[in-house]
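Here the structure is laid out as structure tokens; the discussion comes afterwards.
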Protein chains: 2
Amino acid sequence: MTNQKKTYHHGDLISSLIKAASEILQEEGVEGLSMRKLADKVGVSRTAPYHHFKDKNELLCAIAAAGFKAQEARLQTLLSSHEESEKRFHQYVYQYIEFADTQREVYDLMYGRLIWKTGTPTSALKDASKQTFKRWLDWVEQLQEDKVLPDNNSALRVGQASWASLHGLSRLLIDGIYLDRNDIQAMTEQMIQTLIRTQPASN
Amino acid sequence: MTNQKKTYHHGDLISSLIKAASEILQEEGVEGLSMRKLADKVGVSRTAPYHHFKDKNELLCAIAAAGFKAQEARLQTLLSSHEESEKRFHQYVYQYIEFADTQREVYDLMYGRLIWKTGTPTSALKDASKQTFKRWLDWVEQLQEDKVLPDNNSALRVGQASWASLHGLSRLLIDGIYLDRNDIQAMTEQMIQTLIRTQPASN
DNA sequence: TTTTTATTTTGACACTGTCAAGATTAGACG
DNA sequence: CGTCTAATCTTGACAGTGTCAAAATAAAAA
């Protein structure tokens, strides 16, 4: 108990838990996030969280789902700007990488094996991720019409492939394989060149 | 002790450990690989492995390093074929994805956060990964000369960016985000189209 | 054969997720 | 107001983890 008004009944543990968990996550990474430490931080006994989240897995899913909501909101904000289409795409790529960079641990939960492979994604999480991806695909379709992204294939394929590329870049950054900021920046720029339909000086 | 001739001195624990660890890895994933279970499988006491590997981390690094060697050997084999340059690149991409797919857990160790971020990569591992990457870059240079990969940027940048793309695809497959084989296949094909210099029907 | 060195083991510690059973309290109903 | 019920939280316990220190064993060197 790291000090807290002891009232037996906490009030709203659920949101307190998510908040505290997010903090630990940001500061110490997912390795530093244990249910016991979390409970202690909130000022509650070890097993109290288990009455609000069936599992540690479920807690993580909740955080990840919130991450998808945040990511989607960011996209919507960008889409409501009156920028040129290609420039917006440019901005999106940087925004995507920046999100992954600043919210590393959340990003890892959203797209990492811990939940999707080792654990079991909540149906709420699945829905959130699907919706975010759908919003992306809708935009890809438009980007194809605007001749920004290639239209040699369906929006789904182009959307999948280009997203996979962004994801790969994000992972290299997140997982500590590329730590050099300059490299990431230059790699991002190069990737944009590759993704965008208009190739510079072909032939 | 899962049965084994008990001779107190094992003979060559080191390689036995790596072999057994690789098996557990393939069958149960890294989550199922504990030092104690490993020791038991080899027929030795809990802490015996610690006289050959300082850490669990070091054990994992050894496996990862072997993975890099294997990956590099595969590349060399491919490069010794007398195929057309573009076709070889095509083959490489499929080979890369296939490697990640069939050796999921090893791939995850090689490029995952467990070692590179959470843990600390052995200098031997660092060397192995650097060398593998260098071999890739050398080939990229040649691919640029052959007009297969774009030459709008240095071999380093083009190599980094295109590798990041492949990595992203691999991760989606490995981490259980895309389970559908057909999707991966089609995504791979689309990605190749994007990576390769000659854009189909531009303008 | 004795001594040194290389291996391996037993004991211990602090930590993890989570289950079962009991304690405490808030809110609903009279 | 008092009583009952349902929600909420706690204590105890178990099996599992990585890894350190000290003791036991065996092989190699003298």
Side-chain angles (χ1 to χ4, degrees), chain A residues 1-21 24-25 27-63 105 109 113-115 117-120 122, chain B residues 1-18 20-21 24-25 27-63 105 109 113-115 117-122:
Chain A
M1 348 98 184
T2 357
N3 81 14
Q4 208 89 13
K5 53 221 148 162
K6 301 286 297 177
T7 43
Y8 204 100
H9 281 212
H10 177 102
D12 61 341
L13 241 190
I14 332 93
S15 61
S16 289
L17 283 172
I18 294 190
K19 196 177 154 212
I24 297 181
L25 216 54
E27 288 163 16
E28 310 182 47
V30 73
E31 303 82 16
L33 173 58
S34 79
M35 292 299 268
R36 298 169 101 109
K37 189 148 67 178
L38 171 61
D40 186 66
K41 172 160 180 160
V42 173
V44 92
S45 85
R46 294 152 261 144
T47 62
Y50 285 89
H51 294 90
H52 301 272
F53 298 96
K54 180 178 138 284
D55 264 338
K56 185 177 187 179
N57 176 73
E58 256 194 11
L59 209 214
L60 298 179
C61 283
I63 296 175
E105 300 295 330
L109 286 183
R113 85 178 254 164
L114 182 57
I115 287 179
K117 185 174 180 187
T118 304
T120 42
T122 296
Chain B
M1 350 95 183
T2 358
N3 82 14
Q4 208 89 13
K5 54 224 147 160
K6 300 287 293 178
T7 44
Y8 205 99
H9 281 214
H10 177 101
D12 63 339
L13 241 191
I14 334 92
S15 61
S16 289
L17 283 172
I18 294 190
I24 297 181
L25 215 55
E27 289 163 15
E28 310 182 46
V30 72
E31 303 82 16
L33 174 59
S34 80
M35 291 299 267
R36 298 168 102 109
K37 189 149 65 178
L38 172 61
D40 185 66
K41 172 161 179 159
V42 172
V44 92
S45 87
R46 312 162 243 134
T47 62
Y50 284 89
H51 296 89
H52 302 273
F53 297 96
K54 181 177 138 284
D55 263 338
K56 184 178 187 179
N57 176 74
E58 257 194 11
L59 208 215
L60 298 178
C61 283
I63 296 176
E105 300 296 330
L109 287 182
R113 84 180 254 164
L114 182 57
I115 287 179
K117 185 173 180 187
T118 305
T120 42
T122 295

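This structure is a prediction, so every number in the text was calculated from the model and none was measured. Labels below follow one simple rule: chain letters A, B, ... track the order of the sequence lines, proteins then strands, and each chain is numbered from 1.
With sequence neighbours excluded, the residues forming a side chain to side chain contact (heavy atoms under 4.5 Å, CB included) with A:Phe53 are A:Ile14, A:Leu17, A:Ile18, A:Glu58, A:Leu59, A:Ala62, listed by chain and number. Qualifying side-chain hydrogen bond (donor to acceptor under 3.5 Å, both in side chains) partners for B:Ser34, counting only residues two or more places apart in sequence or in other chains: none. Taking B:Arg113 as the reference, A:Glu31, A:Glu105, A:Asp108 meet the side-chain hydrogen bond (donor to acceptor under 3.5 Å, both in side chains) condition, with sequence neighbours excluded. Taking B:Lys54 as the reference, nothing meets the side-chain hydrogen bond (donor to acceptor under 3.5 Å, both in side chains) condition, with sequence neighbours excluded. For A:Lys37, the side-chain hydrogen bond (donor to acceptor under 3.5 Å, both in side chains) partners two or more places apart in sequence, or in a different chain, are A:Glu28.
Whole-Å rounding puts the B:Leu13 CG to D:dA26 C1' distance at 14 Å. Going from atom CG of A:Asp40 over to atom P of D:dT10 covers 11 Å, rounded to whole Å. For the pair B:Glu31 CD and C:dG17 C1', the computed distance is 15 Å after rounding to whole Å. Atom CG in A:Leu114 sits about 11 Å away from atom P in C:dG17, given to the nearest Å. Rounded to whole angstrom, the span from the CZ atom of B:Phe53 across to the P atom of C:dT7 amounts to 13 Å.
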| request: Do nucleotides 14-21 of chain D as a string where each nucleotide becomes B, S or -: B if the base has a protein heavy atom under 4.0 Å, S if just the sugar-phosphate does, - if no protein is that close. | output: ---BBBB-

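OP1 or OP2 of D:dC9 has at least one side-chain nitrogen or oxygen of A:His52 nearer than 4.0 Å.
When side chains are defined from C-beta on, A:Leu60 does not count as touching A:Asp55, because their heavy atoms never get closer than 4.5 Å.
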